[in-house]
Number of protein chains: 2
Amino acid sequence: MKGHQVTIKDIAKMLHISPSTVSRALKDHPDINPQTKKNVQELAQKMNYKPNKVALSLLQQESKIIGVIIPEIIHHFFSTVISGIEKVANDAGYHIIICQSNESYLKEVENVQALLSSNIDGFIISMAKTTTRFEHFKNIEEVGVPIVFFDRACEEVKADKVIVDDFNGAFKATIHLIENGCKNLVHFAGPQNLTIGIERKRGFLTALKEKNQILHDYTIQYCDTFEHAQNLIPELLLKHPEIDGVFTVNDATAIGAMIAIKKLNKHIPSDIALAGFTNSFISFMTDPELTTVDQKGYEMGQNAAQLLLNRMQTYDDYDPVTTVLSTELIIRKSSVRK
Amino acid sequence: MKGHQVTIKDIAKMLHISPSTVSRALKDHPDINPQTKKNVQELAQKMNYKPNKVALSLLQQESKIIGVIIPEIIHHFFSTVISGIEKVANDAGYHIIICQSNESYLKEVENVQALLSSNIDGFIISMAKTTTRFEHFKNIEEVGVPIVFFDRACEEVKADKVIVDDFNGAFKATIHLIENGCKNLVHFAGPQNLTIGIERKRGFLTALKEKNQILHDYTIQYCDTFEHAQNLIPELLLKHPEIDGVFTVNDATAIGAMIAIKKLNKHIPSDIALAGFTNSFISFMTDPELTTVDQKGYEMGQNAAQLLLNRMQTYDDYDPVTTVLSTELIIRKSSVRK
DNA sequence: CAGTTTGTTGCAAACGTTTGAAACAATACT
DNA sequence: AGTATTGTTTCAAACGTTTGCAACAAACTG
């Protein structure tokens, strides 16, 4: 039989006093008789009374909950970010409610609506790959709930952002590949409606230019998944056997490429050097270990949460802040030729 | 300036009618004048009215939220389970709120308390490694909120459970290693306060017995992390060079062992055959690819959520159900000797 | 014309909590 | 004795929604 949590009313009835007295006694309000206080506090303790957050949420119009919308929780990068968010949020007395968009625009809109009607105090969002309209974010803005974007930000909405220096990370990785002797580099790029896709490609191209490399018609390939890379590598290397280096927009794609390259009996890094982006924890479990750009997931989560907490204090008429975390090139065996 | 979500009261005021009429109009109640209905519904649509879930939650004593407590979200297995839970939960109109215990008993208790006071409709829990007391679960039981445990279940509490057939999975993997010629197997076992630790070890030992293998004093090692395996392998192989096969309680441990073994210039599988447990998505990215036992994370999540939804219908005086998902041995190169 | 029925709307309570204001008794001051 | 002060407690409203019941007018019945 379904019981229920002990409420202030229960305690009030048992002690034959009013709920308001109980409420004040529990908060150690100076107006309350010390003996009454003692009675109330002892009984509350004994009955394991815990204030009902839903009632508080309704009354105070704040839920102490932060809504997090991400593409997919199973990606290590995102779960790392969530860990960072949760740490900071919990320390400040907040809980997080997590929704996945599964890279679907529609699911993202649904999630926003659902969270909005749950009195969420703030949003932390990383956009779906397929999102190209932004009314749902504008809705949040209208209601006056702060948003912080991370990694994949929406430029059309007034909001704080945490991103990594994608350009520079890609630039550094590409320079590193060229300095290790790559003459015919290829970039496996991400979708160009996401800043990360654009910026990483830009970093790659800028490095090529700086080092006076030739740009072929096959230099940029749009490919950002493990499976696609596995399929793409054989046909690409058949047509262009001169390719001697690949820089991918993320680690999973790099590893897909790695497996395909090894299947073709080409050696990494001597035949083809390889670098990814993310520094996910699989990158040091591959053979050879993968050179990659650390995307600072945990820090990103912490930063996003902190930014949101700050913004919740001072929401009126603010200037959005964009925090850019510096990336770090992690050099491992997949790219180093002696 | 912080606005607010449109409420029934706002609509009522604008149309000079009472909130109750608005409420009924929105639900298409037969008592309401068709013209009034039309006015209300149109205005609600225009103003993007969404019912306030917090108010509903307070009134109806149900939140349409499921609380999920897991050790660590960054583990691929757990994020896979969460995906499965979310799928089923969302389809039934529920949302999930995720808390991590970080394998800490204290954090687990905190999470339970916090969720309890948020009018959560049900719990899905996988216990922390360090949890040996169960009052917090009993608390949930007293309040009458259903719990479903998955993977790491608590035997002392009346609750539904979803587990995999750990015993059988471990048994099959061990038999497979022996049939591939292993004579001196070692098991890297998990903590013995968790069912999974106990059952996997039991499966291993039963297979050894069935195949008349000798049990050495070093056959069982308590080691269940990537780092620990990396450290343990060198000293273990130095002392016992006759070891020719390792079965680990999870994949991360197996990969730690794999890296350490390769560093010692031993060949996998010909010198040492290797099998893990989980079938995490890294297992087919290693070199050689890792033989492992599929733990069915996504199915487990779906099952747990479905079990919980069912239990929420019929909570009174029930007999707990335990769903055992069958495990599947995934044979890859790390264990196959021709 | 009195009474009933029908259609439509509003009132009030409820969920659990907080909080300003009112209420009350007991004590102190003039 | 009358008034002010103090200590303690309760009342009532609020947050947004739902819902049984009351209220009212208009139309119908006998």
Side-chain angles (χ1 to χ4, degrees), chain A residues 2-41 44 47-65 114 116-121 143-145, chain B residues 2-41 43-44 47-65 114 116-121 143-144:
Chain A
K2 171 139 178 165
H4 76 129
Q5 282 275 71
V6 179
T7 71
I8 277 191
K9 289 187 182 179
D10 295 331
I11 296 179
K13 251 175 230 152
M14 293 178 74
L15 295 177
H16 304 290
I17 55 180
S18 79
S20 22
T21 305
V22 176
S23 173
R24 280 188 252 253
L26 289 170
K27 315 199 106 53
D28 222 5
H29 193 287
D31 274 5
I32 304 299
N33 183 314
Q35 183 58 48
T36 314
K37 257 184 211 174
K38 189 156 167 280
N39 294 152
V40 170
Q41 288 169 357
M47 300 193 60
N48 194 27
Y49 166 79
K50 292 279 183 306
N52 182 316
K53 288 196 183 155
V54 177
L56 284 173
S57 173
L58 185 61
L59 184 65
Q60 297 171 340
Q61 298 291 74
E62 63 163 27
S63 57
K64 292 280 177 184
I65 295 180
L116 262 185
S117 63
S118 300
N119 266 17
I120 291 296
D121 292 343
V143 177
V145 176
Chain B
K2 171 138 180 165
H4 75 129
Q5 283 275 71
V6 179
T7 70
I8 278 191
K9 288 187 182 179
D10 295 330
I11 297 178
K13 252 175 229 154
M14 294 179 71
L15 295 177
H16 304 290
I17 55 179
S18 78
S20 22
T21 305
V22 176
S23 172
R24 280 186 258 252
L26 289 169
K27 316 200 104 57
D28 222 4
H29 194 285
D31 275 3
I32 304 297
N33 184 313
Q35 184 58 48
T36 313
K37 257 184 213 174
K38 190 155 164 280
N39 294 153
V40 169
Q41 287 169 356
L43 187 59
M47 301 195 56
N48 194 27
Y49 166 79
K50 293 279 181 309
N52 182 317
K53 287 195 183 156
V54 177
L56 284 173
S57 172
L58 186 60
L59 185 65
Q60 297 170 340
Q61 298 290 74
E62 63 165 23
S63 57
K64 293 282 179 183
I65 295 181
L116 263 185
S117 61
S118 300
N119 266 18
I120 292 295
D121 292 343
V143 176

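Chain letters run A, B, ... following the sequence lines, proteins first and then strands; every chain starts at 1. In what follows, every heavy atom counts, from backbone to side chain, and hydrogens, waters and symmetry copies are set aside.
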List for me each residue that meets side chain to side chain contact (heavy atoms under 4.5 Å, CB included) alongside B:Leu59, sequence neighbours excluded, and say none if there are none. none
Could you tell me if the side chain of [Y] sits less than 4.5 Å from the side chain of [X], heavy atoms only?
{"X": "A:Val40", "Y": "A:Leu15", "answer": "yes"}
{"X": "B:Gln5", "Y": "A:Leu116", "answer": "yes"}
{"X": "B:Leu56", "Y": "B:Pro51", "answer": "yes"}
{"X": "B:Val6", "Y": "A:Val143", "answer": "no"}

What residues form a side-chain hydrogen bond (donor to acceptor under 3.5 Å, both in side chains) with [X], not counting sequence neighbours?
{"X": "A:Lys50", "answer": "A:Asn48"}
{"X": "A:Thr7", "answer": "A:Asp10"}
{"X": "B:Ser57", "answer": "none"}
{"X": "A:Lys64", "answer": "none"}

Pick the nucleotide of DNA chain C nearest each of A:Lys9 and A:Gln60; which residue has the one closer to the 5' end? A:Lys9
Return whichever of A:Leu59 or B:Lys37 has its heavy-atom-nearest nucleotide of DNA chain C closer to the 5' end. B:Lys37
Under 4.0 angstrom, heavy atoms only, what part of the nucleic acid is B:Ser18 near: base, sugar-phosphate, or nothing? base
Just checking A:Ser57: base, sugar-phosphate only, or nothing, at a heavy-atom cut-off of under 4.0 Å? nothing
Pairs: protein N or O with nucleotides 4-6 of chain C N or O, under 3.5 Å:
none

When the rotation axes relating C1' atoms of four end pairs to the next four are compared across the helix from C:dC1-D:dG30 to C:dT30-D:dA1, five pairs an end, they differ to 10° by 90°
Positional range of nucleotides in DNA chain D within the contact set of chain A, heavy-atom, under 4.0 Å: D:dT8 to D:dG16
Mind checking salt bridge (charged side-chain N to carboxylate O under 4.0 Å, His left out) for A:Lys38 and listing every partner two or more places apart, or none if nothing turns up? A:Glu42
Donor + acceptor pair across side chains of B:Ser18, B:Thr21 (<3.5 Å): yes
What donor-acceptor contacts under 3.5 angstrom involve side-chain atoms of residues 26-36 of chain B, with partners at least two apart or in another chain?
from	atom 1	to	atom 2	distance (Å)
B:Asp28	OD1	B:Lys37	NZ	3.3
B:His29	ND1	B:Asp31	N	3.1
B:Asn33	OD1	B:Gln35	N	2.7

All heavy atoms of A:Ser118 vs all of B:Lys53, minimum pair found to be OG-CD, 3.5 Å
So does B:Ser20 reach the base of C:dC11 with its side chain, donor to acceptor, closer than 3.5 Å? yes
Between the protein and nucleotides 24-26 of chain C, list every N/O to N/O distance that falls short of 3.5 Å.
none

Quick one: pull up CG in B:Asn52 and CD1 in B:Ile8 and give me the separation to the nearest 0.5 Å. 10.0 Å
Given side-chain contact (heavy atoms from CB on, under 4.5 Å), test B:Asp121 with B:Ile65 step by step and report yes or no. CA-CA 6 Å; B:Asp121 292 343; B:Ile65 295 181; 5.9 Å; no
Value in whole Å for how far the P atom of C:dT9 lies from CG of B:Leu15: 11 Å
May I ask you to decide if B:Asn119's main-chain N or O and B:Ser63's side chain share a donor-acceptor pair within less than 3.5 Å? yes
Tell me which residues in residues 21-33 of chain B put a heavy atom below 4.0 Å from DNA chain D, sorted by number, or none. B:Ser23, B:Arg24, B:Lys27
